[in-house]
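Everything on this sheet refers to the single structure shown next.
Residue numbers begin at 1 in each chain, while the letters A, B, ... track the order of the sequences. Since the structure is predicted, the reported quantities are computational estimates derived from the model, not experimental observations.
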2 protein chains.
Amino acid sequence: MTDTSWLNQLQDNGCRVTSARRAVVETVQGSPRALTPVEVFDLARQRYSALGLVTVYRTLEKLEELHLIQRVHQPHGCQAFISAGHGHQHLLLCKQCGQVEFFDGDDLKPLTESIEQRTGYQIQEHWLQLFGLCEKCK
Amino acid sequence: MTDTSWLNQLQDNGCRVTSARRAVVETVQGSPRALTPVEVFDLARQRYSALGLVTVYRTLEKLEELHLIQRVHQPHGCQAFISAGHGHQHLLLCKQCGQVEFFDGDDLKPLTESIEQRTGYQIQEHWLQLFGLCEKCK
DNA sequence: TTGAAATTGAAAATCAATTTCAATAATTGT
DNA sequence: ACAATTATTGAAATTGATTTTCAATTTCAA
Ligand SMILES: [Mn+2]
Ligand SMILES: [Mn+2]
Ligand SMILES: [Zn+2]
Ligand SMILES: [Zn+2]
């Protein structure tokens, strides 16, 4: 996913390419950790100083609709966003520095089937998130 | 966990037993689904009509401190609370009616060890949540 | 180049959550 | 039972995040 590609996808969905959007897109796309709207605002203004916070909210909303970013839920808050993972992936977060990694290969089928039998529920989705310390922080 | 026990635990931690707290405790404790502060407010006022929303927030805060309730994160929002699970348990939520069940017996050790090797992270915690349809709703 | 349509940021409005505070209610010691 | 002490209360004000409104500007297809 390159910078151009995010802007292209916006364009393909009837959006116009503007300086404000470029600044937001470049900021969020390059971040190794999840950013809140205000953090995006502060960082993106270094690229385009006339940027308004409202446009940050509006752009994040569009990027989330297109599944280019995703919301990250954490004990401290659930307002931050990160570049979306690809396919079936889950998040691994460093509790120290906030660095985000994606992983895949989790197999929850045995677990969910056993729980379906025990509870009578039909399981459709799961949320899985790991927390720990990254190589630098541990 | 009976009603008395929650109020006793509050009392043991230096809190007084009041009508307002009784109403909030009885409401949250008896709920099969997660409730937001405003939902607690509306339901608890049927028991004690003079209740204030501020007291709901304050009581929920205390109950969470004592680990008697826990916050439930969902796609639509992360403000709701439910009676806490016991020991190492995770949530199973009905997407239709919101009914909450707890389950245990998940074994993520093989997965986390493999991810520790792949990523160099030291994994400390995990969040797991299942979504689906309960017996009645499916 | 032109003009329609999307986008912008400032300001106002909304909504959830917290703080302040004087009045009230629960406990403690008598 | 009865004060005296202290926690608790709800109303109102405040804060902080997000959304809406709107007139001015910018983008882009023709
Ligand atoms: Mn998975
Ligand atoms: Mn587990
Ligand atoms: Zn780290
Ligand atoms: Zn259900």
Nucleotides 27-30 of chain D: which of its N/O atoms have a protein N/O under 3.5 Å away?
{"unit_1": "D:dT27", "atom_1": "O2", "unit_2": "A:Arg16", "atom_2": "NH1", "d": "2.4"}
{"unit_1": "D:dT27", "atom_1": "O2", "unit_2": "A:Arg16", "atom_2": "NH2", "d": "3.4"}
{"unit_1": "D:dC28", "atom_1": "OP1", "unit_2": "A:Val17", "atom_2": "N", "d": "3.0"}

Check step by step if side chain to side chain contact (heavy atoms under 4.5 Å, CB included) holds for A:Trp6 and A:Ser83.
-> CA-CA 10 Å; A:Trp6 283 29; A:Ser83 299; 3.7 Å; yes
Criterion side chain to side chain contact (heavy atoms under 4.5 Å, CB included) on B:Arg21 and B:Cys15, from CA distance to verdict | CA-CA 10 Å; B:Arg21 279 180 181 154; B:Cys15 294; 3.5 Å; yes
Take B:Leu35 and B:Arg33 through the side chain to side chain contact (heavy atoms under 4.5 Å, CB included) test and state the conclusion after the steps.
-> CA-CA 6 Å; B:Leu35 300 174; B:Arg33 62 187 197 81; 3.8 Å; yes
Check: A:His90 ring centroid to A:His88 ring centroid under 6.0 Å = yes
Taking only heavy atoms on the protein side, list every residue of residues 39-51 of chain B lying under 4.0 Å from any atom of DNA chain D, sorted numerically.
-> B:Tyr48, B:Ala50, B:Leu51
Determine which pairs satisfy ring pair (Phe, Tyr, Trp, His ring centres under 6.0 Å) with at least one residue from residues 22-63 of chain A, sequence neighbours left out, and list them in order.
-> none
Can you pull the side chain to side chain donor-acceptor pair (under 3.5 Å) pairs that have at least one residue in residues 67-82 of chain B, sequence neighbours excluded?
-> none
Distance-only, no hydrogens or angles: does the B:Thr59 side chain make a donor-acceptor pair with backbone N or O of B:Val56 under 3.5 Å?
-> no
A:Tyr57 OH to C:dA10 P, straight-line distance once rounded to whole Å | 15 Å
Evaluate whether atom CD of B:Glu65 has more than 12 neighbouring non-hydrogen atoms of other residues, nucleotides or ligands under 6.0 angstrom away.
-> yes
Name all pairs fulfilling the salt bridge (charged side-chain N to carboxylate O under 4.0 Å, His left out) condition that reach into residues 74-89 of chain A, sequence neighbours left out, sorted by first residue then second.
-> none
Should B:Val28 and B:Leu7 be regarded as members of a common hydrophobic cluster, given that ILVMFWY residues are connected when their side-chain heavy atoms come within less than 4.5 Å of each other, either directly or indirectly?
-> yes
Can you list the residues that meet the side-chain contact (heavy atoms from CB on, under 4.5 Å) rule with A:Pro32, with sequence neighbours excluded?
-> none
Sub-4.0 Å heavy-atom contacts from residues 72-82 of chain B onto DNA chain C, ordered by number = B:Gln79
Within this structure, what is the CG-to-P distance between A:Leu53 and C:dA11, rounded to whole angstrom?
-> 14 Å
Distance in angstrom units between B:Leu10 CG and D:dT9 P, rounded = 10 Å
Can you run down the salt bridge (charged side-chain N to carboxylate O under 4.0 Å, His left out) pairs that involve residues 46-62 of chain A, sequence neighbours left out, and say none if there aren't any?
-> A:Glu26-A:Arg47
Kindly state each residue pair satisfying salt bridge (charged side-chain N to carboxylate O under 4.0 Å, His left out) with at least one member in residues 115-135 of chain B, sequence neighbours excluded.
-> A:Lys95-B:Glu125, A:Asp104-B:Arg118
Filtered N/O pairs between nucleotides 20-25 of chain D and protein, under 3.5 Å:
none

Write down the distance between NZ (B:Lys62) and C1' (D:dT9), rounded to a whole number of angstrom.
-> 12 Å
Got a sec: does the CD of B:Glu64 have more than 12 other heavy atoms crowding it under 6.0 Å?
-> yes
Dot-bracket summary - DNA chain D, pairs being Watson-Crick or G-U whose distances fall under 3.5 Å, with | when paired to another strand = ||||||||||||||||||||||||||||||
A:Glu61 CD - D:dA17 C1' separation (whole Å) = 15 Å
Of A:Gly52 and B:Pro37, the one whose closest nucleotide on DNA chain C sits nearer the 5' end is A:Gly52
Linking Ile, Leu, Val, Met, Phe, Trp and Tyr through side-chain heavy atoms less than 4.5 Å apart, which residues share a cluster with A:Ile115?
-> A:Leu92, A:Phe103, A:Leu108, A:Leu111, A:Tyr121, A:Ile123, A:Leu128, A:Leu130, B:Leu92, B:Phe103, B:Leu108, B:Leu111, B:Ile115, B:Tyr121, B:Ile123, B:Leu128, B:Leu130
Does any N or O in the side chain of B:Lys138 come within less than 3.5 Å of the main-chain N or O of A:Gly120, such that one atom is a donor and the other an acceptor?
-> yes
